[in-house]
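In this chain, residues are counted from 1 in sequence order.
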Amino acid sequence: MSAFSFPLLTATAALPAIGAVATAAVPAARRTAAKWLALVFSLATLALALLIAARFDPGATGPFQLTESHAWIRDFGVRYDLGVDGIAVALIALTALLVPFVILAGWHDADPLEGAEPNRRWRPTQGFFALVLAVEAMVVLSFEATDVFLFYLFFEAMLIPMYFLIGGFGDRAGGRGERQAAAQRSYAAVKFLLYNLAGGLIMLAAVIGLYAVTAHQLGAGTFSLPEIVRARASGALTIGTGTERLLFLGFFFAFAVKAPLWPLHTWLPNAMGEATSPVAVLITAVVDKVGTFAMLRFCLQLFPEASRWATPVILVLALISVVYGALLAVGQRDIKRLIAYASISHFGFIILGIFAMTTQGQSGATLYMVNHGISTAALMLVAGFLISRRGSRLIGDFGGVQKVAPVLAGTFLVGGLATLSLPGLAPFVSEFLVLVGTFSRYPVIGIIATTGIVLAALYVLVLYQRTMTGPVRAEVKAMPDLRVRELVVVAPLIALLLFLGVYPKPLTDLVNPAVHHTLSVVDRKDPKPSVPVSAEPGGGRPGRTAQTQDVEAAK
C-alpha cells in the first residue's frame with residue numbers, strides 16, 4: 001500500500017462513476033441541472049487527477065506509485081490492484097482535462113430535436129452526460145489497473161457507454177432525415193462494437209492462457225503485472241517461445257483494434273463521422289489512447305521476447321497507417337472523416353515510436369498520446385462549432401468563413417497547424433522525437449515516415465483554404481463567431497498547445513523514468529551513435545569515429 005492512506009486512485013475513478021449515476025437520476029424536466037451536475041463532477045475529477053500528478057514523484061524507485069491492493073476473487077488470483085507510473089499519470093490528466101471540455105462543447109447536443117417526428121423529438125439529455133462520465137471512469141481505471149484481469153474488465157466495459165453515445169446521440173448535420181441519420185448512426189455504433197468485441201474476445205483467451213501458465217509454474221495463478229514481471233526477471237517464471245508469441249498476439253490484436261492500427265482501423269471513420277463532435281473527441285483523444293497505452297504497459301512488459309520478435313511486422317503496419325491515413329485524409333470531402341483519417345496517421349506515429357524501442361521513440365510516443373489528444377480535441381471541437389452553424393460536414397459547402405467569423409477561423413487554423421506538427425506547437429516535439437528514435441534504429445522506416453508530415457501539411461492547408469478563404473458563400477454570410485461558452489472550451493486547449501510546444505520539460509520529466517523501466521524490462525538499449533570525428537571541428541584522421549577515438553584514448 002502507498003504511504004498515503006487515502007485511496008486517491010480509486011477516488012479518481014469512482015467520482016465520475018458516482019457522477020454518472022447522479023446525473024442519470026436527475027428528473028427529465030431538469031435538463032440544465034443535469035448538465036451542471038455533470039460538469040461539476042468532471043471538474044472535481046480533474047482536481048483529483050492534478051492531485052495525483054502533484055503527489056507522483058518521477059525520481060522515486062519502483063515502477064508504480066500510489067498503489068492500492070485488495071483481494072477480490074481469491075480462488076482465481078484476481079486482485080483489485082491499482083498503481084500509476086509517469087505515463088499513466090499523464091494520460092489520466094489528459095482524460096480528466098478533456099472531459100469537462102467535452103461536456104461544455106456538447107451542452108446542447110442532447111437537447112430535444114426540433115422539427116423531428118413527434119415520437120423522435122425526445123433525447124435523454126441526462127443519459128448523454130451520464131454516459132460521458134461513465135466512459136471517463138472506465139478509462140481512468142484502465143490507466144490505473146496493474147492487475148491484467150481488472151484491466152481487461154474495464155477495457156471491455158467502456159464499449160457499452162461508447163456504443164450508446166455513438167448510436168443514440170449522433171451528428172445532426174448533413175441534411176439527412178432523422179430516420180436515415182439514425183440508420184447510419186446505428187451502423188457506425190454496431191461496427192465499433194463488433195470490431196472491439198472481437199479484439200476483446202481474442203484478448204480474453206490470451207488472459208486465460210497467461211493465468212494458466214502462471215498457475216502451472218508458480219503454483220498459484222496470478223494476473224498481477226508487477227508479480228509476473230518480477231517472476232520472469234528472477235527466472236521463477238519462464239514462458240516458452242511459441243506460447244509467449246501466441247499470448248502476445250492475443251493482447252496486441254485487441255490493442256491494435258482499439259488504437260486503431262491498419263488494417264483494423266475501418267470502424268474509426270464511421271464512428272467519428274456519425275458521432276457528435278464532442279463524442280468524436282472522446283473516441284480518438286481518450287478511448288483510443290487505452291490501446292497504445294496498453295501496448296507499453298502490457299505487451300512489452302509481459303512478453304518482451306515476443307515484442308522484439310514482432311517488431312519488424314508492427315513497424316511496417318505502423319508505417320502503412322502513417323502514409324495510408326494521411327493519403328485518405330487528403331482525398332476526403334467530409335471534415336470529420338478527414339480528421340478521423342488524420343488520427344489514423346497519427347496513431348501510426350505513436351505505434352512507430354513504441355516499437356522502435358528507443359528512449360526517444362517511446363518518450364515521443366507517450367508525448368504524442370497527450371499532444372494528439374489536445375490538438376485533435378481543439379480541431380474537432382472547433383470543426384463541430386463550424387458544422388453546427390452551417391448544418392453540413394462537407395468541405396465544399398463552406399468558403400470565406402474567416403471574413404465573417406475571424407476568431408473561429410483563427411482557432412481552426414491553430415488546431416490545424418498543431419495537427420500538422422508545426423514547430424512551436426506541442427505535437428511537433430513528440431513527432432520529432434518519434435522520428436529521431438525510429439531513424440536511429442530503423443533509418444529506412446524513419447525516412448519513409450516523414451512523408452506523413454508532408455501529406456499532413458497538404459490536407460490541413462487545403463482544408464483551411466477551402467473552408468475559410470476565398471469568396472464568402474451566401475450560406476455563411478450570417479454565420480456568428482465563437483460564443484463565450486465555445487471560447488471557454490477552445491482557449492485553454494490552444495494555450496496548452498503553445499505552452500507544451502515551447503516547454504515540454506514537465507511532460508518529459510514525468511514520462512522518461514517509465515520509458516526507461518519499460519526498455520529495461522524488454523531488454524533493449526538505445527543504439528550507440530557513430531559520428532565521424534573528421535566531420536567535427538578539429539577532427540582526427542578520416543574514417544575514425546568518436547567511439548573508436550575514445551577507445552584509443554583509453555588504451
Side-chain angles (χ1 to χ4, degrees), residues 91 94-95 135 138-139 142 152 155-156 158-159 162-163 165-166 187-203 248-275 279-299 310 313-329 332 334 336-355 365-366 368-369 372-373 375-377 379-380 419 434 449 452 455-456 459:
L91 292 175
L94 172 69
T95 301
V135 171
M138 294 173 187
V139 169
S142 297
Y152 171 78
F155 179 81
E156 287 293 275
M158 70 179 70
L159 301 180
M162 283 307 310
Y163 169 80
L165 283 171
I166 297 169
Y187 171 79
V190 170
K191 189 173 183 179
F192 161 82
L193 188 64
L194 290 179
Y195 267 70
N196 284 274
L197 278 179
L201 289 173
I202 293 174
M203 180 183 170
F248 169 86
L249 291 174
F251 277 76
F252 181 79
F253 182 84
F255 303 152
V257 172
K258 185 84 76 179
L261 177 68
W262 184 92
L264 306 171
H265 66 284
T266 59
W267 63 267
L268 183 66
N270 294 100
M272 289 184 65
E274 294 305 322
V279 172
V281 169
L282 204 61
I283 294 170
T284 190
V286 175
V287 171
D288 287 354
K289 298 299 186 301
V290 178
T292 48
F293 164 81
M295 292 179 189
L296 278 166
R297 173 167 284 189
F298 296 104
C299 281
V313 174
I314 294 172
L315 289 177
V316 170
L317 295 178
L319 183 60
I320 293 173
S321 290
V322 169
V323 179
Y324 171 86
L327 282 173
L328 264 66
Q332 290 302 305
D334 184 308
K336 292 170 70 176
R337 290 179 70 91
L338 184 151
I339 299 173
Y341 281 109
S343 290
I344 292 170
S345 180
H346 295 151
F347 275 102
F349 275 112
I350 294 171
I351 298 171
L352 204 64
I354 291 172
F355 282 90
T366 304
Y368 216 136
M369 291 186 226
H372 170 264
S375 61
T376 299
L379 182 60
M380 178 61 83
T419 298
V434 166
L455 292 171
Y459 63 68

Run Val135 and Leu282 through side-chain contact (heavy atoms from CB on, under 4.5 Å) and show every step you take. CA-CA 9 Å; Val135 171; Leu282 204 61; 4.0 Å; yes
Applying side-chain contact (heavy atoms from CB on, under 4.5 Å) to Val139 and Leu91, what does each step give before you reach the verdict? CA-CA 9 Å; Val139 169; Leu91 292 175; over 6 Å; no
Stepwise, does the side-chain contact (heavy atoms from CB on, under 4.5 Å) test hold for Tyr341 with Leu327? CA-CA 8 Å; Tyr341 281 109; Leu327 282 173; over 6 Å; no
So Thr292 and Tyr368, side chain to side chain donor-acceptor pair (under 3.5 Å) or not? Walk me through it. CA-CA 11 Å; Thr292 48; Tyr368 216 136; over 6 Å; no
For a side-chain contact (heavy atoms from CB on, under 4.5 Å) check, start with the C-alpha distance between Phe251 and Met295, then their side-chain angles and the critical distance, and finish with the verdict. CA-CA 8 Å; Phe251 277 76; Met295 292 179 189; over 6 Å; no
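Of all heavy-atom pairs spanning Met369 and Leu296, the tightest one is CE-CD1, 3.6 Å. Of all non-hydrogen atoms in Ala365 and Ile350, the two that sit nearest each other are CB-O, 3.3 Å. Between Thr284 and Lys289, the shortest heavy-atom contact is O-NZ, 2.9 Å. Taking every heavy atom of both residues into account, Val290 and Ser142 meet most closely at CG1-CB, 4.1 Å. Listed here is the closest heavy atom pair of Lys258 and Gly291: CG-N, 3.8 Å. Nearest heavy-atom pair, Ser321 versus Gly348, reported as atom, atom and distance to 0.1 Å: CB-CA, 3.9 Å.
Atom CG of residue Asn196 and atom CG of residue Leu159 lie 5.0 Å apart, to the nearest 0.5 angstrom. Between Leu352 atom CG and Leu317 atom CG the span is 11.0 Å, to the nearest 0.5 Å. Separating the CG atom in Leu338 from the CG atom in Asp334 is a distance of 8.5 Å, to the nearest 0.5 Å. With rounding to the nearest 0.5 Å, the separation of CD1 in Ile283 from OG1 in Thr376 is 12.5 Å. Taking CZ of Arg337 as the start and CG of Asn270 as the end, the distance is 5.5 Å to the nearest 0.5 Å. With values rounded to the nearest 0.5 angstrom, Phe252 atom CZ is found 3.5 Å from Ile314 atom CD1.
Ring planes of Phe355 and Phe248: perpendicular class, angle over 60° (limits at 30 and 60°). Under the 30°/60° scheme for interplanar angles, the aromatic rings of Phe255 and Phe298 are found to be tilted.
Among Tyr187, Phe192, Tyr163, the one residue that satisfies the ring-ring contact (aromatic ring centres under 6.0 Å, His included) test with Trp267 is Phe192.
Looking only at side-chain heavy atoms (C-beta outward), Met203 and Phe155 come within less than 4.5 Å of each other. By the 4.5 Å heavy-atom criterion applied to side chains, Tyr459 and Gln332 are not counted as neighbours. Side-chain atoms of Leu197 and Glu156, non-hydrogen and from C-beta on, do get closer than 4.5 Å to each other. Pro269 is listed as a side-chain neighbour of Ile344, based on a closest heavy-atom distance under 4.5 Å.
Remark: the backbone N or O of Met380 is not paired with any side-chain donor or acceptor of Lys336 at under 3.5 angstrom. Between the side chain of Ser345 and the backbone N or O of Val322 there is at least one donor-acceptor pair closer than 3.5 Å.
Between His372 and Phe347, the ring centre distance stays below 6.0 Å.
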